[in-house]
Amino acid sequence: MIRFRSIEKSYSLGKEQVDVLKGIDLHISRGEFTAIMGPSGSGKSTIMNIIGCLDRQTGGEYLFNDKLVSEYDDMNMAKIRNRSIGFVFQQFHLLPHLDTRRNVELPMIYGGD
Ligand SMILES: Nc1ncnc2c1ncn2[C@@H]1O[C@H](COP(=O)(O)OP(=O)(O)O)[C@@H](O)[C@H]1O
Ligand SMILES: [Mg+2]
């Protein structure tokens, strides 16, 4: 279960502040398929980075399986990514110095499997 409550995200660029997400409410149930659509620069990647626990919002609350991700430290964010979230990136993000099998094994090693 994914729930956003008034999620905000701003980036700082030097002295400039760019307000990208301005109070997003979102609810995605277990097993539900959802597509996030919008023109380039509208904030899709910003939302996906927050849902995927790769980045943090600057305002509002994010609940993942009824737990407040906003209060998680980096280690617990990493645990959610390792155990509960699967990413399919446009780029494969494989490590070139590892062969295919080692690339597949690596997250399992981090996860203690
Ligand atoms: N790390 C960043 N620092 C500053 N501005 C950013 C950063 N990432 C994204 N932005 C800005 O936030 C807005 C939304 O970007 P993004 O989430 O990548 O949109 P989309 O994925 O829909 O194309 C854009 O104006 C972009 O320039
Ligand atoms: Mg994008």
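In each ligand, atom 1 is the first atom listed, and ligand 1 is the first ligand listed. Sequential numbering from 1 along the given sequence is applied to the chain's residues.
Judged by distance alone, with hydrogens and angles left aside, the side-chain atoms of R83 form a donor-acceptor pair with the main-chain N or O of G111 at under 3.5 Å. In this structure, the side chain of N103 engages the main chain of L95 through a donor-acceptor pair within 3.5 Å. The main-chain N or O of T46 is never found under 3.5 Å from a side-chain atom of D55 such that the two would form a donor-acceptor pair. Between the side chain of T58 and the main chain of S10, a donor-acceptor pair closer than 3.5 Å is present. Checked by atom type and distance alone, the side chain of K44 never pairs as donor or acceptor with a backbone atom of M37 at under 3.5 Å. Between the K79 side chain and the S84 main chain, no donor and acceptor come within less than 3.5 Å of each other.
Backbone and side-chain nitrogen or oxygen atoms of V20 are examined, and none is located within less than 3.5 angstrom of a nitrogen or oxygen of ligand 1. Between G43 and ligand 1, an N or O atom pair is found at a separation short of 3.5 Å.
Distance from atom 24 (C) of ligand 1 to its nearest protein heavy atom, with residue and atom name: G41 O, 3.7 Å. The nearest heavy-atom contact from the protein to atom 9 (C) of ligand 1 is Y11 CE1, 3.5 Å. The single protein non-hydrogen atom nearest to atom 15 (O) of ligand 1 is T46 OG1, 4.0 Å, given as residue, atom name and distance. Among all protein heavy atoms, the one lying closest to atom 18 (O) of ligand 1 is S45 CB, 3.7 Å.
Only the side chain of L13 comes within 4.0 Å of ligand 1, judged by heavy-atom distances. The backbone of P39, and not its side chain, has at least one atom closer than 4.0 Å to an atom of ligand 1 (non-hydrogen atoms only; backbone = N, CA, C, O).
For atom 27 (O) of ligand 1, the nearest protein heavy atom lies 4.0 Å or farther away. Distance check on atom 6 (C) of ligand 1: some protein heavy atom falls below the 4.0 Å cut-off.
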Salt bridge (charged side-chain N to carboxylate O under 4.0 Å, His left out) between D74 and R81, worked out: CA-CA 11 Å; D74 288 350; R81 290 197 300 273; over 6 Å; no

Worked verdict on I80 versus I85 for side chain to side chain contact (heavy atoms under 4.5 Å, CB included): CA-CA 7 Å; I80 299 182; I85 294 174; 3.7 Å; yes

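Look at S45 and the Mg ion (ligand 2): an N/O/S atom of the residue is under 2.8 Å from the metal.
In this structure, G38 does not count as a contact residue of ligand 1, since none of its heavy atoms falls inside 4.0 Å of the ligand.
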